[in-house]
Every structure is written in C-alpha cells, then in structure tokens.
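Below, read A as the first sequence line, B as the second, and so on, with proteins coming before strands; counting in each chain starts at 1.
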Number of protein chains: 4
Amino acid sequence: MDRAKRREQILSVAAEVFAEKGYHDARIDDIVARAKVARGTFYLYFEDKRAIFEELVDAFVHSLADGIAPIETVPEADPARVMREVRTNLLRIVERVLAKPAMARLLFSAALGVDADFDRRLLAFYDEIAALLERSLEQGEDALLVRPGHRRIRAFCLTGIVKELLSQLISRRAAVDPAEVVDAMLDLVTDGLFTDLARAAVRASG
Amino acid sequence: MDRAKRREQILSVAAEVFAEKGYHDARIDDIVARAKVARGTFYLYFEDKRAIFEELVDAFVHSLADGIAPIETVPEADPARVMREVRTNLLRIVERVLAKPAMARLLFSAALGVDADFDRRLLAFYDEIAALLERSLEQGEDALLVRPGHRRIRAFCLTGIVKELLSQLISRRAAVDPAEVVDAMLDLVTDGLFTDLARAAVRASG
Amino acid sequence: MDRAKRREQILSVAAEVFAEKGYHDARIDDIVARAKVARGTFYLYFEDKRAIFEELVDAFVHSLADGIAPIETVPEADPARVMREVRTNLLRIVERVLAKPAMARLLFSAALGVDADFDRRLLAFYDEIAALLERSLEQGEDALLVRPGHRRIRAFCLTGIVKELLSQLISRRAAVDPAEVVDAMLDLVTDGLFTDLARAAVRASG
Amino acid sequence: MDRAKRREQILSVAAEVFAEKGYHDARIDDIVARAKVARGTFYLYFEDKRAIFEELVDAFVHSLADGIAPIETVPEADPARVMREVRTNLLRIVERVLAKPAMARLLFSAALGVDADFDRRLLAFYDEIAALLERSLEQGEDALLVRPGHRRIRAFCLTGIVKELLSQLISRRAAVDPAEVVDAMLDLVTDGLFTDLARAAVRASG
DNA sequence: GATGAATGAGCGTTCATTCAT
DNA sequence: TATGAATGAACGCTCATTCAT
C-alpha cells in the first residue's frame, strides 16, 4: 500500500475511533488494531496522538469553511437572491456534516476537553465564524435587509443555532431531511417566532 | 469541621479545579491539595472522580432548571405577560450562570468528552430542555401567539441560542449586561432578523 | 516503614542495580522488584530514573570529596608531615571506595554515557579535582618540595592514577590492601620509576 | 559504489555519530541518514548496532596497539635509548589519537556503559596493556633501570596516566603540543614529583 | 544489492484508588 | 474520621531489526 493510502486509512480509522470513544478514551492501540497495522506504523505517519486528532479536526473544519460561498450584499442586492445564497451555504454545510458524521461527532464533542490548548483553538475558530456573521449582518443592515440590532449577540445566536442543529443531526441517527432543517431554521431566523397578533400586543403593552 | 461542611468544601474546590483544567486534566491530587485534606479523605465523601463531577454538574443543572417558572399560556393569555415571564426566566438563568461561572464552565466545556456515558446523560438533559420548549411552542401556537412551524427544530434552535450565549458570557471575562443580552436575543427570536422590505421581497420572489 | 527509610532502601537497591547493569540496562522494574515495592512507589520518592541516578552519584562524589582534608603547605611546612597528610587523604578515599563498591562502580563506569548533560557534569567534577591538585602542586613548588614542572599536565596524571587504581580496586574482587596500593602509588609519584643509574645515563645522553 | 567503499563510508559516519551522541543516544537512523543509505542497507553490511560499534572500537584499539614498538631492554641496554623508544611509542599513540579524535572519544567515553559484555572486553584490553607494562617494568628492574617496586600497581598507574591524558587531549579542543604532554608525563614518571630536599626530609622522618 | 515501510517488544511514567495505621 | 503511603493497571512512545519489492 502506498504511503498516501496508508495515511488516509489510518486517518479514517482514527476518525471512527475518536468519534466513538472521545479523545481521551481512544487509545492508540484501538486505532492501530482497527487499521490492522503495528503500533510503530502509526508513528511513521503521525507525530503523536494529539497530532492526528488535530489534523482530523482541522481538515473537517476547513472542509466546512470552504463550503461557504461569499455573499454579495451591496445595498441594491436582491433580497431573494441573498436568501437563496444563504440557504445554499447552509445546505452545503449540513450536507458535508451528514456525509462525514464521524468527523462531525469529533468536532462537536470529542474535540472539547482535549486540553487547554486545543480548547483555545476551537474557541478561536468559532470566534472567526461569529466575526464573519457579524460582518454579514452589518452589510445586511446597510442594505436595509436586516433590522438594526446588537450584531455581536445576534452573531452568537446564529452560531449557536447552527452548532446545535448540526449536533442534533448527527447524534440522532434518524434520517433527516437537510432541506427541511435548513428551511425551518431560516424561517425562524428571518421572520421570528411570533404572529402579528402577538407582536402587536407586545408592542402595545411593552 | 462537620461532615456536611467538609463535603461542601471539597465540592467547591473540585468545581474550581474542574473548571480550570477540564475533567481529564484535573487530578484528584489537585483537588485534595487545594482542599487541604488527605487523598483518602476524598474517598470518604465521594465514590470516585466521576461521581463528584456528576454531582457538581447535576447540582448546577438542577439549580438552572429550578429557576424556570412555568408559564401559563392558556389561549386567552396576555402576550405581553407571557413575554415578560419568558424574559424573567431567561434573566434568572443568565444570572445564575454568571453567579457561578466555574460551574457554568464545567457544564459547557468540561462536561463534554468525559466519557460515552456522561455524554449520553448530557444529551438526555438537553433533550428534556428541548421537549419543554417544544411543549411551550405548542401552547404558543394554540394561543395564536406563535407562528406555526416545525416545533422540534425550533426547540433545538432556541436551545442552541441559549447554550451559545451562556458559553460566550462565561468565556469572555468582559463584564456584560445580562439584560442587554437577553433583550437582544428575544428581539431576534420574536421578530426575526429581517426588515419588512426584505420580507416582502422574499415573499414576492420565493 | 517511615519515609526516610523507604527512600534509603530504594536508593541502596538502585545503587546495586545500576552498578550491575549500568544506567541504560537498568530498568525501573529491576529496581522496584528488588526493593519489593510497586512501580508507583518509586515515583513517590524520585522524580524519574535520571534523578535517582544523579542523586546516587552526587552523594558518593561528595562523600569522597568530603574525605579530603586540606593540607597546609606554607613554605616552612615539614615535608614529612605533608606526605603523611597526602597519604591519609588517599587512604580515606580508597577506604570509602572499598566500603561502597557498588557506588564506586556506578561512578567509574555506569555514570559515563548516561547522556550528554551528565557527561558534562562528570567532566566538570574531574576538572575541579584537577584544579585542586594544580593548586597543591603550586604550593608544593613554592615550598620547594615539588620540582618545577608543567602543573596542569601533572594534575591530570595524578587524577588518572587515582581513577585507574580505584577502578581496578573495585573491578577486581580480590582482597587488596589499601595501604599497600597507596604506598606503591606514592612511591612512584614521589621518587619516580628510575634508578639513579638510569637517571644519570639519561641525563648524560639527553 | 563498491562494497568495501560503502562499508567504509558507513563505518566512518557511524564513528562520528557515536562520538557525538554516545552509544545509547546514537540511533541507527542517525547513521543511515548521514550516510545517505537506506535503513536496510545498514544491515547488509553490519550484523547489528552493537557489531558496528565493536568493530570501530576494535579497529581503533588495534591501530593504537600496533603503534607500540617493542623495546629491547636487555640488561646492558642503553638507558637513554630505552627512554627515547618509550618516548617514541608514547608520541605515536598521542598522534594517532589526535588524528582520529572521534574514534578516541568513542573509546574513552562512548565505549563505557554500552553493556556488561562490552565493559568486560574493554577491561580485558586494559588488562593486556597493564600486563605489557608490567613485563616492561620487570625487564627494567632486571636491567637495573627501574627501582624495584610493586609492578602491578605501577602498571595500573601508568595506564591511568596515559588514559587520562589522552581523554583530556581530545575533550579539550585547545591545540596541544603532543611532545610537551609526553615530556611532562615522562618527567613525572621517571624522576617523580619531589625535590631532593623533600626526599631527604621524608626519608629522615619516615 | 538496495530500499524504506512495517514491525512489536519494551520501557518510563501517571494517577485513580485502596488500606493499614 | 483522617491520613498519606502504597498500589498496579494502563498507555504513549521509541527504535533496533526485518522483509517484501
């Protein structure tokens, strides 16, 4: 087996093991046993346990990030087009997560509590996402598409929604229709929960 | 020192240590050293490492859950009152989290990746939250306050929002005004992000 | 068993093991097995393998160094007394080496090749010895007891003699009379190897 | 490259590596990397790590031993000639050591602590040296050139002197004049350290 | 002969837990 | 009840050596 293939094989086996057991409970032995290679072989391809885990997480994170197409929201942007593009981005993320559930499980649960360093890296990544969303909200406001509001907090809310939905999608084995999830989420985010009746009442009293 | 006090002392020290280092990096040694008791003493009060951690997480989870007052949403309910009560509930949760940041850090980061069992417990807890929210949404729809929609997904979205905001509140040391956070979140959730202009455009095209 | 005794016990067992097998071939397992303690116990008393070895070598080196009484060699010093004191110092060193042959074997063979760091430490120690001897030779010259000559090289020669003799004393199990060894060495060093006949001949021709 | 050359190349690279890192810290990897051959190739030329080290040490030891010309010390031997020949032998040894400092470092430090077996071999070699010296001293006594004395012990002293001086010569990078070293050593050994004044005093009292 | 991927025995160290005092 | 010395299973990692190509 050539070098690249063997590497790939160990990586994919490791992803499974980490996803099943979490970082700390996954032993190098588990990985090499399932990959049917000797312990030493593992270390021919990866610096150490931490390194292979990092590589897995980083690769997946990047594959998600690469799926996000930038959305042009110049003031005269067509709101319907913007919405479609947002929806496409979300769908792509959901699809990639569903395509590699083990990797997603890794990212959403195994990756936490690895160590202080790794926690910081993850937080930094989510910060970037939030910053991206914040800028998008700003552009949306400029284009008069988005109601003015606390953009930082809204960015965190959006991040939280996506993270939670993705976590749920992979933790429940039940087949889910990605489009349905994305549409329900977008519906909530764009229009809010309330009926006009409720809004009127709140505004009147509020 | 009497039994209960000693127990309490070890618990509170353990909370700090777990919050600082995470479950796996926290050593029993760290805890007993800081509590100034002998190693053996620890085991007089707690079954094992896992048990004390579970107790801490459970206690905090319950203190949060206890802060949630049930909201009556009979069909004729006053929307403004319902909103105020929702807001009060949220504020209470935020306050309790900010009051015990170590415990919150425990719940939101240290508690993940402990082991497969614990992960299941946490998921089950969040499921309960989601179920509660789902029922509330149902009542809201019945009372014509909430626009009909996919309640399960919406419940997850709301859970995600709260989790993420609380995580951010405790991870950023910066003083934050809980009321501001809660209001921004509620504003997003009730009215959505979009301006009427955008909605009209989307509706026209979509 | 109290802390100090247990420590002492492990130390002495470790000395044997290191002496028998050398640093690299000695396994922690060998030490704890022979000390009849658990592996973990070892690490309660010593940082790591390197640390216990260092402690053993250092202790022995210091016990040897402490046996050397300073010799006053003011210009009017009585040569016979000086010689007696030198002899006493040497005898004390030889006795201490013979009293702890395992430690001596440690110092003279196991201690080399441990790692680059440790090698440097040992060299530095021997440098100090050589420096001490060099100063003594200088005083001896000033007191007109010692023939002028290259003091640095002479100091190394003397160091070499003592090291080699001690090595031989411990590597040959045969009972040796320390006094005989010391006297033979002193005879060589003070008077040299040659007869007056040989010296005269060499001087005449050289 | 033909077999012999390749072998030679690996040997010389190995000498460097062993000299730099010592036996245990030198990895086969270090050797093959620097020799620019594959790991497997190494084992085509040498049995194992131990074997190549042994070969290096043996070769150097023999090159030193070969430099020693036998000295005729029949009873009527000219003392001055004997001294010159001794001096020549010593100079040759010093020169060979200085010519291959890596090999010398190997012999004087890396070779110790390899394992119990190798230690025995080295001791046996030094024993031969000592035996040779002992015989020479005996001849010297017979020729009335050497003062009677404990020949075995004297032989060890001489061995120690030479070993220590050679070690110092290679460990101090400073340029040294071999002749100066040899002459200082011979001066010490032939005439001893003491002035006639000191000797007289010692004899009177002792 | 040459390669270098693969092997796996081996070892140092950690740390949750126990138990005699 | 409190202590803290002792335990030993567990695990990550190294590196000399082998062997299919």
Indicate yes or no: does D:Arg34 engage D:Glu20 in a salt bridge with an N to O separation below 4.0 Å. yes
When you check the phosphate oxygens OP1 and OP2 of F:dG12, does a side-chain N or O of A:Arg27 lie under 4.0 Å from one of them? no
Both A:Thr41 and C:Ile28 contact DNA chain E. Which one's nearest nucleotide lies toward the 5' end? A:Thr41
Base, sugar-phosphate, or nothing for A:Arg39, non-hydrogen atoms under 4.0 angstrom? base
Would you indicate which nucleotide in F:dT1, F:dT7, E:dT13 comes nearest to any side-chain atom of C:Asp48? E:dT13
For E:dG12, the Watson-Crick or wobble counterpart (both distances under 3.5 Å): F:dC11
Please tell me if D:Tyr43 has a side-chain N or O lying less than 4.0 Å from either OP1 or OP2 of F:dT17. yes
Rounded to whole Å, the CG-P distance (A:Asp29 to F:dA9) equals 16 Å
D:Ile31 has an atom CD1; how far is it from atom P of F:dA16, in whole Å? 8 Å
When you check the phosphate oxygens OP1 and OP2 of E:dA16, does a side-chain N or O of B:Arg50 lie under 4.0 Å from one of them? no
From CZ of A:Phe46 across to C1' of F:dG12 the rounded distance in Å is 16 Å
Can D:Arg105 and D:Glu16 be counted as an ion pair, charged N to O under 4.0 angstrom? no
Can you check the A:Arg7 CZ to E:dA5 C1' distance for me, whole Å? 15 Å
Quick one: on DNA chain F, does D:Ala26 or A:Tyr23 contact a more 5' nucleotide (nearest heavy atom)? A:Tyr23
Just call it for D:Ala51: base, sugar-phosphate, or nothing, with non-hydrogen atoms closer than 4.0 Å on any strand. nothing
Exactly one of A:Asp58, A:Leu106, A:Asp48 clears side chain to side chain contact (heavy atoms under 4.5 Å, CB included) with A:Phe53, and that residue is A:Leu106
Any side-chain N or O of D:Arg3 below 4.0 angstrom from OP1/OP2 of E:dG1? yes
For B:His24 and for C:Phe42, locate the closest nucleotide of DNA chain E by heavy-atom distance; then report the residue assigned to the nucleotide nearer the 5' terminus. C:Phe42
Whole angstroms only, please: what is the CD1-C1' distance between C:Ile52 and E:dT13? 14 Å
Can you tell me the distance, in whole Å, between the CG atom of B:Asp25 and the C1' atom of E:dA16? 15 Å
Which part of the nucleic acid, if any, lies within reach of B:Ala33 when heavy atoms closer than 4.0 Å are counted: base, sugar-phosphate only, or nothing? nothing
Rounded to the nearest angstrom, tell me the gap between atom NZ in C:Lys5 and atom P in F:dG4. 20 Å
N-O pairing of B:Glu55 and B:Arg7 below 4.0 Å: yes
Whole angstrom is fine here: how far is it from NZ in B:Lys36 over to C1' in F:dA2? 17 Å
Considering only side-chain heavy atoms of B:Leu44, which listed nucleotide, F:dA2, F:dA6, F:dG4, is closest? F:dA2
Tell me whether the side-chain N/O atoms of C:Tyr45 come closer than 4.0 Å to OP1 or OP2 in F:dA5. no
Should the pair B:His24 and A:His24 be assigned to parallel (<30°), tilted (30 to 60°) or perpendicular (>60°) ring geometry? parallel
Are A:Asp30 and A:Arg27 close enough for a salt bridge, meaning some N to O gap below 4.0 Å? yes
Watson-Crick or G-U wobble partner of F:dA20, both distances under 3.5 Å: E:dT3
Nucleotide of E:dT3, F:dT14, F:dA16 approaching D:Lys49 most closely (side-chain heavy atoms): F:dA16
